[in-house]
Amino acid sequence: MAREPKLTIRKAAEYTGMPTSAIGHAAKLDPPRLRGYQTGPEGRWYFTKSDLDAWMASMVNTPAPKQRRRVAAGK
């Protein structure tokens with residue numbers, strides 16, 4: 001069985017339509033929400049399409065955070 005190719009964080013962002021910051025954040029959480037592979041403690045992140053698909057599917061029923069309302073100064 002062939003190994004699944006790994007995508008860089010930029011390619012993962014293109015594949016999912018998510019910003020690189022969201023992908024990196026999900027991979028760095030403890031425990032991680034997104035499975036990723038890192039070349040070293042400060043190395044580059046790599047992701048498989050199947051891991052990205054699973055992460056995206058896990059967010060289907062997750063509500064978006066509420067937007068903060070700005071209060072005008074002096075009110």
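Quick note: residue numbers are just sequence positions, from 1.
- Applying the side chain to side chain donor-acceptor pair (under 3.5 Å) test to residues at least two apart or on different chains, none of the pairs has a partner in residues 5-14.
- In terms of the side chain to side chain donor-acceptor pair (under 3.5 Å) criterion, residue partners of Tyr15 (sequence neighbours excluded) are, by chain and number, Asp53.
- Cluster membership for Tyr37 and Leu7, using ILVMFWY side-chain heavy atoms within less than 4.5 angstrom, is not shared.
- For Arg44, there are no side chain to side chain donor-acceptor pair (under 3.5 Å) partners two or more places apart in sequence or in a different chain.
- In terms of the side-chain contact (heavy atoms from CB on, under 4.5 Å) criterion, residue partners of Glu4 (sequence neighbours excluded) are, by chain and number, Thr48, Lys49, Ser50.
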Donor-acceptor pairs under 3.5 angstrom involving side-chain atoms of residues 20-34: please list them, not counting sequence neighbours.
none

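- Under a hydrophobic clustering in which Ile, Leu, Val, Met, Phe, Trp and Tyr are joined whenever their side-chain heavy atoms come within less than 4.5 Å, directly or via other members, Met59 and Ile9 fall into the same cluster.
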